[in-house]
Amino acid sequence: MRSERTPMVAGNWKMYTTSGEGAILIDRVQDLVSDVADRVDVVVCPPFTGLKAASTIIEVDRLPIGLGAQDVFWEDEGAYTGAIAPRMLVELRCGYCIVGHSERREYFGETNETVNRKVLALHRHGITPIVCCGESLGTYEAGQTADFVRTQIREGLAGLTAQQASGVIVAYEPIWAIGTGHTPTPETANDVARMIRATIGAMYGPPAAVSARVLYGGSVKPENAAMFFSEPDIDGALVGGAALKAGAFSDIVHAAS
Ligand code: 13P
């Protein structure tokens, strides 16, 4: 992990935790990570219904924890039943928003084009997207990972300003590694992370490539986190299951510090 980029460990809580359960989890996480919070950007991404409570706890207790949503719609407002606009997230002090998670792509029809619309909308409102990419097992086994992920990045991150590009956060999450206990080797994950960085460099120039943060996601646990974090192009992790246990999440945060 390169020292000039601040490591980030973000917890994607997916469709787990009620608002009350989430509040308890944040409290526990904070107790365990406060000693390294100045060295690692720690972010939690509860479901929409948990954002208000999480935001209030973070604000009232002045916790050094970032707050993220798991999705957003690109319009500012309108007749879009069930959708959440960026400015609604701004009001809840969300600094981040996951976009293009493979579960959104699989179950909710997300495409590279809709990912891009969301990325641009979030930037218009000052929220940093955490843009997910990653290949299926079939694509991996066919040796097509680089081509597939490069296209996701080119299309998903199109149209940024140079300043926006310099703050890019990408999470590389091979679909076959999510929730399965299987992972690529750290070297393989780093190869993809380096390719993502090079793609950002080709689109927006070397400064963006150097400052962009690339996280690894997919079965990250306390036991394997340090191996991924020791790779030069991996700047942290987007954590699913292990983010729901304060102790495991804290161990991963400490591995990044
Ligand atoms: P797991 O850590 O449960 O494999 O999930 C990874 C993920 O999808 C994070 O966004």
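Each ligand, and each atom within it, is numbered from 1 in the order the structure gives.
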Short N or O distance, Asn12 and ligand 1, threshold 3.5 Å exclusive: yes
Protein residue, atom and distance nearest to atom 2 (O) of ligand 1, heavy-atom basis: Gly240 N, 2.9 Å
Ligand-side contact atoms (ligand 1) for residue partner Ser219, heavy atom cut-off under 4.0 Å: 1 (P), 2 (O), 4 (O)
Phe249-Met227 co-clustered via ILVMFWY side chain contacts under 4.5 Å: no
For atom 7 (C) of ligand 1, the protein heavy atom that lies nearest, with its residue and separation: Glu173 OE2, 3.2 Å
Exceeds 12 heavy-atom contacts within 6.0 angstrom, atom CZ of Arg124: yes
Distance filter under 4.0 Å to Gly218 heavy atoms, resulting ligand 1 atoms: 4 (O), 6 (C)
Close-contact set for ligand 1 against His101 heavy atoms, below 4.0 Å: 7 (C), 8 (O), 9 (C), 10 (O)
Closest protein heavy atom (residue, atom, distance) for atom 3 (O) of ligand 1: Gly241 N, 2.8 Å
Proximal ligand 1 atoms for Leu238, defined as those under 4.0 Å from one of its heavy atoms: 9 (C), 10 (O)
Gly179, any N or O under 3.5 Å of ligand 1 N or O: yes
Pairing of Glu113 and Arg117 as salt bridge, 4.0 angstrom limit: yes
CZ/Arg39: more than 12 non-hydrogen atoms of other groups inside 6.0 Å: yes
Non-hydrogen atom of Lys14 closer than 4.0 Å to ligand 1: yes
Carboxylate-amine/guanidinium proximity below 4.0 Å for Asp251 and Lys221: no
Parallel, tilted or perpendicular: ring planes of Tyr140 versus Trp176, cut at 30 and 60 degrees: tilted
Salt bridge present between Asp147 and Arg150 (N-O < 4.0 angstrom): yes
